[in-house]
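None of these values were measured; they are calculated from a predicted model. For ligands, and for the atoms within them, numbers begin at 1 and follow the listed sequence.
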Amino acid sequence: MTEPTIEDYFLEERTFPPSAEFAAAALVSDDSLHREADADFEAFWARQARELLSWSRDFDTILEWELPDAKWFVGGELNVSANCLDRHVAAGIGDRIAYHWEGEPGDTRTITYADLLAEVQRFANVLRSLGVERGDRVAIYMPMIPELPVAMLACARLGAAHSVIFGGFSPDSITDRVQDGGCKVIVTADGGYRRGAASLLKPNVDAAVDQCPTVSAVVVVERTGSPVTMVDGRDHWYHELMAAADPVCAPEAMGSEDLLFLLYTSGTTAKPKGIMHTTGGYLTQVAFSYKYVFDLKPETDVYWCSADIGWVTGHSYIVYGPLANGATSVLYEGTPDTPGRDRMWDIVERYGVTQLYTAPTAIRTFMKWGAQEPARHDLSSLRLLGTVGEPINPEAWMWYHEHIGGGRCPIVDTWWQTETGGQMITPLPGVTATKPGSATFPLPGIGVEVVDEEGNRIEQGGGYLTLTRPWPSMLRGIWGDHDRYESTYWSQYPGRYFAGDGAKIDADGYLWLLGRVDDVMNVSGHRISTTEVESALVDHHAVAEAAVVGASDDVTGQAIVGYVIIRNDAVASEELVAELRQHVATKIGPTARPKRVIIVPDLPKTRSGKIMRRLLRDVAEGRDLGDTTTLADPTVVEAIRDSAANGPGSAA
Ligand code: PRX
């Protein structure tokens with residue numbers, strides 16, 4: 001027998017089939033879509049493309065595939081903004097609300113599809129007047145205000161690609177991205193509200209733009225009224241240009257393979273990659289997945305994705321997926337703890353949110369804040385919950401299920417990436433019996449296999465997650481670097497896309513994501529996933545959040561070090577540390593017993609909420625810290641160092 005690629009310890013046996021009531025009303029309640037796609041995946045996607053979207057010219061060829069380059073729906077023409085706006089207004093639903101927007105200070109705006117179409121046409125004319133043409137790139141650096149989707153859709157209307165840069169990024173990061181993409185215009189705002197205060201954006205653009213020779217104009221939305229410097233001839237107020245703009249702008253007919261947007265993935269070390277997404281295939285898969293994974297009933301649902309539009313989740317599941325389907329969404333500007341730790345639940349209650357899509361890191365934070373926060377609100381409008389962004393620990397899944405979902409809502413744990421454009425592995429809520437912590441099965445049309453080191457398919461057990469065939473919303477490349485595209489994604493295992501994630505398949509064929517493969521530890525020759533040890537730690541009642549790393553160890557190769565945030569009602573002590581180490585050994589097995597467990601006040605996270613294990617490894621190995629510029633809060637590392645040196649567990 002060969003050695004297992006990643007060992008499989010954690011056994012989760014609870015299953016949650018959809019209730020009979022949910023299944024009876026669901027858009028999909030049997031395996032017909034999966035069967036159709038298995039028979040002919042190209043024909044399946046072609047049907048979705050024609051049924052879900054409006055094409056001004058039908059396509060001639062469904063797929064041209066020359067590994068690693070895919071072209072979907074070749075010869076077809078469409079405009080993304082027309083699909084998201086014009087056709088809904090033409091169909092008589094212009095009065096339907098596209099966004100219930102809520103600012104952090106509590107100000108609100110209700111934006112219908114007709115309102116959005118009017119604003120997008122005007123802003124497309126504004127961009128055109130600033131010299132933006134079909135084929136250009138426009139950078140967008142904005143808070144979560146309605147003008148952000150307006151700017152994206154206006155680009156799409158003109159056939160210019162947008163490059164949205166998350167509002168938390170520094171001037172240097174803006175410069176890198178704007179330069180790499182050769183953007184002509186930057187759309188920004190004076191600032192936005194976060195944690196009860198105005199956080200400024202325009203000064204970052206000012207600092208960046210001097211290094212960006214391709215930028216000829218900056219458009220500034222007035223959001224906070226904070227004083228900003230406006231450079232004559234270069235900087236323009238959004239409201240002034242809008243007031244003067246022509247209200248009508250016809251959508252450009254774009255080729256299916258024309259660039260829709262660039263979105264940079266923040267690699268922790270190397271230069272960020274400008275991930276390229278195109279028009280017809282991208283919109284088909286996000287429209288399809290949005291509709292069926294969230295079981296959309298557009299007349300009655302109020303959907304809320306709490307991500308930032310600056311990440312791919314926001315692109316696909318706040319902007320394009322919902323709007324292509326004529327859905328009504330909540331759009332919230334601020335943080336979940338302002339003014340109180342129940343802000344999310346207050347919003348759910350007031351708008352009658354039916355589907356909530358959020359990240360495991362947020363759920364663990366809510367757990368730490370305690371169940372009394374959601375308990376103060378009526379959450380009975382919720383009928384479905386979703387998660388995305390990282391593996392969800394079974395305990396966090398159960399907490400979400402009980403305290404947010406009231407035990408009645410199916411949870412869709414959706415695995416995908418910036419590169420995949422849309423959801424890839426997820427339950428279908430009316431069909432799949434879920435298991436807490438498993439993303440379950442590929443969507444219809446998607447080919448997933450887990451392979452070992454040599455690329456041989458694994459039927460059961462742990463290995464590397466690969467995708468076996470092209471999918472419509474796949475990345476079309478890395479902007480300006482085709483070789484890097486091929487070598488990063490398509491060369492590890494010939495003929496397969498390698499996602500960089502570990503995964504395992506259980507005896508029932510369920511997929512369990514195990515995190516990035518660089519996060520796999522090797523302890524005395526056992527390959528153990530950080531995700532599984534983290535799940536075991538979070539399983540203990542005192543633990544709110546955990547991050548596990550392998551630190552080099554003379555004896556065992558690597559030793560497991562766990563950093564834990566404890567719940568508000570737990571007390572840090574040597575006894576607790578000992579108990580936690582034992583808990584992991586009991587849950588998973590003695591090989592996985594952490595050598596050290598360190599109780600910390602906070603964990604280092606990127607601005608998208610992913611734990612930066614590299615920094616925790618540096619602390620565990622007593623090294624100087626590497627690059628900390630992508631940290632959301634650089635001060636947490638000092639606090640962690642202090643806990644590691646002086647807190648409970650420091651003597652271990
Ligand atoms: O490691 C996987 C993890 O997030 C990575 C993709 O990150 P990003 O491109 O920032 O996109 C996040 C939003 C789609 C993946 O390679 N990931 C994402 N969703 C899940 C996940 N890991 C486990 N379970 C998920 N549901």
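By the ring-ring contact (aromatic ring centres under 6.0 Å, His included) test, Tyr563 is found to be paired with no residue, residues two or more places apart in sequence or in another chain being considered.
Ligand 1 has a nitrogen or oxygen under 3.5 angstrom from a nitrogen or oxygen of Asp501. Polar contact with ligand 1: absent for Thr387 (N/O pair, distance under 3.5 Å). Geometrically, ligand 1 and Ala439 share no nitrogen or oxygen pair separated by less than 3.5 Å. At least one N or O atom of Thr414 sits closer than 3.5 Å to an N or O atom of ligand 1.
Thr313 OG1, 3.3 Å is the protein heavy atom nearest to atom 13 (C) of ligand 1. The closest protein non-hydrogen atom to atom 19 (N) of ligand 1 is Gly389 N, 3.0 Å. Of the protein's non-hydrogen atoms, Thr418 OG1, 2.6 Å is the one closest to atom 9 (O) of ligand 1. Of all protein heavy atoms, the one closest to atom 7 (O) of ligand 1 is Lys610 NZ, 3.3 Å.
Summarising the contacts of atom 25 (C) of ligand 1 with His315, Met424, Glu390, the nearest heavy atom is found in Glu390. Evaluated by nearest non-hydrogen atom to atom 14 (C) of ligand 1, the leading choice among Trp416, Trp415, Tyr317 is Trp416. Across Pro391, Gly502, Gly386, heavy-atom proximity to atom 23 (C) of ligand 1 is greatest for Pro391.
Between Phe166 and Trp311, the ring center distance clears the sub-6.0 Å criterion.
Look at Val388 and you'll find a heavy atom under 4.0 Å from some atom of ligand 1.
The aromatic rings of His162 and His315 sit tilted relative to each other, their planes meeting at an angle between 30° and 60°.
Within the cation-pi definition used here (under 6.0 Å to the ring centroid, within 45° of the axis), Arg177 qualifies as a partner of Phe169.
A salt bridge between Arg496 and Glu449 is present, with a side-chain N of the basic residue lying under 4.0 Å from a carboxylate O of the acidic one. Between Glu257 and Arg476, at least one side-chain N (NZ, or NE/NH1/NH2) sits under 4.0 Å from a carboxylate O, which counts as a salt bridge.
In the vicinity of Arg516, heavy-atom distances shorter than 4.0 Å reach the ligand 1 atoms 1 (O), 16 (O).
Between the CD1 atom in Ile505 and the CZ atom in Phe441 there is a gap of 10.0 Å [rounded to 0.5 Å].
Side-chain atoms of Ser289 come within 3.5 Å of backbone N or O of Gln285 as a donor-acceptor pair.
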